[in-house]
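Proteins come first, then strands; the chains are lettered A, B, ... in the order of their sequence lines, and each starts at number 1.
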There are 2 protein chains.
Amino acid sequence: MDINDIEHFLRLHSIRPSHHRIRVYQYLVENRNHPSVDIIYQELIRDIPTLSKTTLYNTLELFLEKGVAILITIDENERRYDADTSFHGHFRCNTCGQIFDIRLHTVPRELESMEGFEINESHIYFKGLCPKCLERGNS
Amino acid sequence: MDINDIEHFLRLHSIRPSHHRIRVYQYLVENRNHPSVDIIYQELIRDIPTLSKTTLYNTLELFLEKGVAILITIDENERRYDADTSFHGHFRCNTCGQIFDIRLHTVPRELESMEGFEINESHIYFKGLCPKCLERGNS
DNA sequence: TTATTTAATTGTAACCATTACATACTTGTA
DNA sequence: TACAAGTATGTAATGGTTACAATTAAATAA
């Protein structure tokens with residue numbers, strides 16, 4: 001996704017495409033690693049030495065509001081973000097901490113017990129051990 | 001659930017039933033409100049004036065390890081606990097903050113894309129507006 | 001029961017992600 | 001160019017959680 005596309009995309013979602021916002025969104029799109037604020041910060045600060053963490057928090061909060069990113073709370077300690085807003089699940093390895101996307105076949109429609117509720121977000125989280133860490137632990 | 005039953009239950013899960021542990025577990029069982037640490041603390045401190053928050057954190061961490069409670073991370077700001085360890089979903093109202101249990105019919109078995117993973121926990125979270133807040137907002 | 005060992009609890013301080021807020025800077029528009 | 005509105009910055013505060021050393025309680029054996 002090139003800069004112009006990102007600019008256009010952000011505008012489409014009524015987000016003014018400032019330099020920083022473009023860079024943050026670009027990072028999210030190109031790195032599907034469900035990064036924490038600190039990971040994004042450490043990565044971008046190398047190119048944008050004046051970047052502040054408050055700006056990151058503001059920008060990410062704006063992305064959530066405008067619906068171009070989602071918040072993942074699978075980690076108890078810090079928030080993680082994902083530019084893939086389509087419905088999918090996540091798996092976190094309890095050893096290495098990595099977060100994997102899980103393609104979901106059966107979209108949960110538990111509407112029976114949820115009449116009268118307005119559902120805006122659905123999240124499915126799995127936790128356990130990823131193949132690499134499993135292998136490492138067995139050897 | 002009376003004190004002796006709780007004591008026995010904790011022992012069964014290799015948890016030494018100290019006074020505080022019994023009280024904490026009793027609170028969790030009798031109050032299915034998915035409390036935060038602070039809520040439990042405010043409630044128990046009235047009866048146990050010497051209770052410390054560190055003890056609460058230690059106790060709840062032990063409960064998680066031993067599998068007699070689960071951690072709910074549906075709230076971005078604080079951890080919540082549930083003595084109901086059977087598989088069920090949760091709904092959080094974005095207005096009043098209340099957390100509801102959701103009975104799930106279709107247990108997610110997304111095993112296709114998850115071969116090689118060891119799954120220890122599954123969580124399903126919904127967020128939106130509860131009936132009461134919806135009604136209040138419309139009037 | 002008493003002595004002894006081990007485990008549980010406490011209180012304080014530290015930690016760290018997140019937020020508040022006032023200031024400074026950019027950008028868009030006339 | 002000048003103005004207004006929107007963005008970004010840095011510092012300090014907030015608040016949930018953790019580390020740790022000291023104290024207290026519980027379990028076991030003599």
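- Note on ring orientation: taking the six-membered ring where Trp is involved, the planes of B/His13 and B/Phe9 are tilted (angle from 30° to 60°).
- Atom CG of B/Leu64 is separated from atom P of D/dT18 by 10 Å (rounded to the nearest Å).
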Base-contact (B) and sugar-phosphate-only (S) positions in nucleotides 18-30 of chain C, heavy-atom cut-off under 4.0 Å, - elsewhere: BBBB-----S---

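- The aromatic rings of B/Phe63 and B/Tyr25 stand perpendicular to each other, their planes meeting at an angle above 60°, with 30° marking the opposite boundary.
- Of the inter-residue distances, the one linking B/Glu118 atom CD with A/Thr95 atom OG1 reads 9.0 Å to the nearest 0.5 angstrom.
- Between the CD atom of A/Gln42 and the P atom of C/dA17 there is a distance of 10 Å, rounded to whole Å.
- Between the C1' atom of C/dA8 and the CG atom of B/Leu51 lies a distance of 12 Å, rounded to the nearest Å.
- Distance, B/Glu65 CD to C/dA8 C1': 14 Å, rounded to whole Å.
- A salt bridge links B/Glu76 with B/Lys127: the closest approach of a Lys/Arg side-chain nitrogen to an acidic carboxylate oxygen falls below 4.0 angstrom.
- What separates OH of A/Tyr25 from P of D/dT7 is a distance of 18 Å, to the nearest Å.
- One interatomic measurement links the two molecules: CG of B/Asp75 to C1' of D/dT17, which rounds to 14 Å at whole-angstrom precision.
- A/Thr50 comes within 4.0 angstrom of the backbone, heavy atoms only, and of no base.
- Atom NE2 of B/His20 is separated from atom C1' of C/dA7 by 14 Å (rounded to the nearest Å).
- For D/dT9, one of the phosphate oxygens OP1 or OP2 lies less than 4.0 angstrom from a side-chain nitrogen or oxygen of A/Thr55.
- Of the candidates D/dT7, D/dT9, C/dT10, D/dT7 carries the atom nearest the A/Arg21 side chain, counting heavy atoms from C-beta on.
- Within the 3.5 Å criterion, the main-chain N or O of A/Leu51 finds no donor-acceptor partner in the side chain of A/Thr55.
- Note on ring orientation: taking the six-membered ring where Trp is involved, the planes of A/His88 and A/His34 are tilted (angle from 30° to 60°).
- In summary, A/Asp101 and A/Arg32 do not engage in a salt bridge, as defined by a charged side-chain N under 4.0 Å from a carboxylate O.
- Straight-line distance from the CG atom of B/Leu44 to the C1' atom of C/dT9: 14 Å, rounded to whole Å.
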